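Worksheet for the structure shown next.
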Amino acid sequence: MALRYDCSLASRGSAGLSAAASAVCRGELVVLPTDTVYGIGADAFNREAVEGLLRAKGRDRAKPSPVLVASPDALHDLVTDFPEQGWALVEAFWPGGLTLVAHHRPTLDWDLGETHGTVAVRMPSHPVALDLLAETGPMAVSSANLTGQPSPQDCDAAQGMLGESVAVYLDGGPTAAAVASSIVDLTGEVPILKRAGAINAERLLKVVPDLQEP
């Protein structure tokens, strides 16, 4: 039976974080609030857990899971050939609603799906998410919805879709808006805005003037 914790209560929040971290360590799935929408997460380095995440969402490997981190320092261990424009975006918008796509280190023992040597990384600004990531390390996290359904703004919506496929639900209250993160691809010669979301193109262009829009 899935466990659910109200993270607005200090005692329940602490117990919830402990239960969620233990579940991730066991290769199970958790639902957590972020600053954009609720996410379903697993240990990024546990192949079976990531497969379970994709299966729970009804998502195929052609749409790999992004990775959430607790600190920009994690990028040093995860990506390679990270450009100066990327660090400028990190400084300006992390933690926050910006996902950056970069080449992942070829030595990493993970399987997030068909990534073609890249990884989409974000540092969220929600305190519950950051506390959990500080305990677990990098997590594969995707929106906590069934594929084709709206991304959930609260824990009830996530649990209604994902049910018992998730071991622990962390309820951090409703998110501010049902807006996904913006995505910037840093794998080419110039940065490309792949998705406009929580951070609009105008703000991004002030930091990276050569950003290309589709």
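Treat the numbers as computed from the prediction; the structure is a model and nothing was measured.
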Can you tell me how far the NE2 atom of His126 sits from the CG atom of Leu68, to the nearest 0.5 Å?
12.5 Å

Here the pair of heavy atoms bringing Tyr38 nearest to Leu170 is CE2-O, 3.4 Å

Of Leu132, Leu53, Leu3, Leu17, which is the lone residue that meets side-chain contact (heavy atoms from CB on, under 4.5 Å) with Val30?
Leu132

Taking the side chain from Ser182 and the backbone from Gly197, do they hold a donor-acceptor pair closer than 3.5 Å?
yes

Apply side chain to side chain contact (heavy atoms under 4.5 Å, CB included) to residues Leu75 and Val69 and explain how you reach the verdict.
CA-CA 8 Å; Leu75 287 170; Val69 297; 5.7 Å; no

Closest non-hydrogen atom pair, Lys63 against Leu54:
O-CD2, 3.9 Å

If you look only at pairs with a residue in residues 94-104, which of them pass as a salt bridge (charged side-chain N to carboxylate O under 4.0 Å, His left out), with sequence neighbours excluded?
none

Could you report the tightest heavy-atom contact between Val168 and Ala19, atom names first, then the distance?
CG2-O, 3.9 Å

Aromatic rings Phe82 and Trp87: how do their planes relate, parallel, tilted or perpendicular, breaks at 30° and 60°?
perpendicular

Exam field: side chain Thr147 to backbone Gly58, donor-acceptor pair closer than 3.5 Å
yes

Under 4.5 Å between side-chain heavy atoms, hopping through other hydrophobics if needed: is there a path connecting Val128 to Leu29?
no

Between Asn145 and Pro152, what is the shortest heavy-atom contact and its length?
CB-CD, 3.8 Å

same_hphob_cluster(Val101, Phe93) at 4.5 Å side-chain heavy-atom cutoff:
no

Got Asp185 and Thr118 here, is their nearest side-chain heavy-atom distance under 4.5 Å?
no

About how many Å separate CG of Asp81 and NE2 of His104, when rounded to the nearest 0.5 Å?
12.5 Å

Counting only N and O atoms by type, is there a donor-acceptor contact under 3.5 Å from the side chain of Gln153 to the main-chain atoms of Ser151?
no

Quick check: is Ile183 connected to Ile192 through a chain of hydrophobic side chains (ILVMFWY, heavy atoms under 4.5 Å apart)?
no

Is there a path from Val121 to Leu193 through hydrophobic residues (I, L, V, M, F, W, Y) whose side chains come within less than 4.5 Å of each other?
yes

Scanning both residues in full, the closest heavy-atom pair of Leu32 with Gly41 reads CD2-N, 4.1 Å

Asn200 CG to Lys206 NZ distance, which is reported to the nearest 0.5 Å
8.5 Å

Are any non-hydrogen side-chain atoms of Leu146 and Leu162 less than 4.5 angstrom apart?
yes

Audit row: Arg122, Asp35, side chain to side chain contact (heavy atoms under 4.5 Å, CB included) steps and yes/no:
CA-CA 11 Å; Arg122 184 167 85 88; Asp35 47 323; 3.0 Å; yes

Just so I know, are the side chains of Ser143 and Lys57 near enough to count as touching, which here means a heavy-atom distance under 4.5 Å?
yes

Could you tell me if the side chain of Pro124 sits less than 4.5 Å from the side chain of Thr36, heavy atoms only?
no

Report yes if some heavy atom in the side chain of Met139 is under 4.5 Å from a heavy atom in the side chain of Leu133; otherwise report no.
yes

Leu89 and Leu78: same hydrophobic cluster, using ILVMFWY side-chain contacts below 4.5 Å?
yes

For the side chain of Thr136 and the backbone of Ala21, is there at least one donor-acceptor N/O pair under 3.5 Å apart?
no

Hey, are the side chains of Phe45 and Pro138 touching, using non-hydrogen atoms and a 4.5 Å cut-off?
yes

Test side chain to side chain contact (heavy atoms under 4.5 Å, CB included) on Ser18 and Glu135; report intermediate values, then the result.
CA-CA 9 Å; Ser18 178; Glu135 291 289 328; over 6 Å; no

What do you reckon, is CD of Glu114 surrounded by more than 12 foreign heavy atoms closer than 6.0 Å?
yes

Smallest separation among heavy atoms of Val50 and Ala140, with atom names:
CG2-CB, 4.0 Å

Looking at CG of Leu211 and CD of Glu202, how far apart are the two atoms once the value is rounded to the nearest 0.5 Å?
12.5 Å

Using 0.5 Å steps for rounding, measure from the CD atom of Gln159 to the OG atom of Ser165.
10.0 Å

Considering residues at least two apart in sequence or located in another chain, which fulfil the salt bridge (Lys or Arg N to Asp or Glu O under 4.0 Å) criterion with Arg4?
Asp156, Asp171

Any Gln85 side-chain heavy atom under 4.5 Å of Val184 side chain:
no

Does the side chain of Val141 come within less than 4.5 Å of Pro66's, by heavy atoms?
no

For Leu100, which of Thr187, Val119, Val90 qualifies under side-chain contact (heavy atoms from CB on, under 4.5 Å)?
Val90

I need the Met123 CE to Thr34 OG1 distance, nearest 0.5 Å.
13.0 Å

State whether the number of non-hydrogen atoms from other residues, nucleotides or ligands found under 6.0 Å of Glu84 atom CD is greater than 12.
no

Counting N and O atoms only, with roles assigned by atom type, does the side chain of Thr99 sit under 3.5 Å from a partner on the main chain of Ala120, one being a donor and the other an acceptor?
no

Verify, without hydrogens or angle tests, whether Arg105 (side chain) and His76 (backbone) share a donor-acceptor contact under 3.5 angstrom.
yes

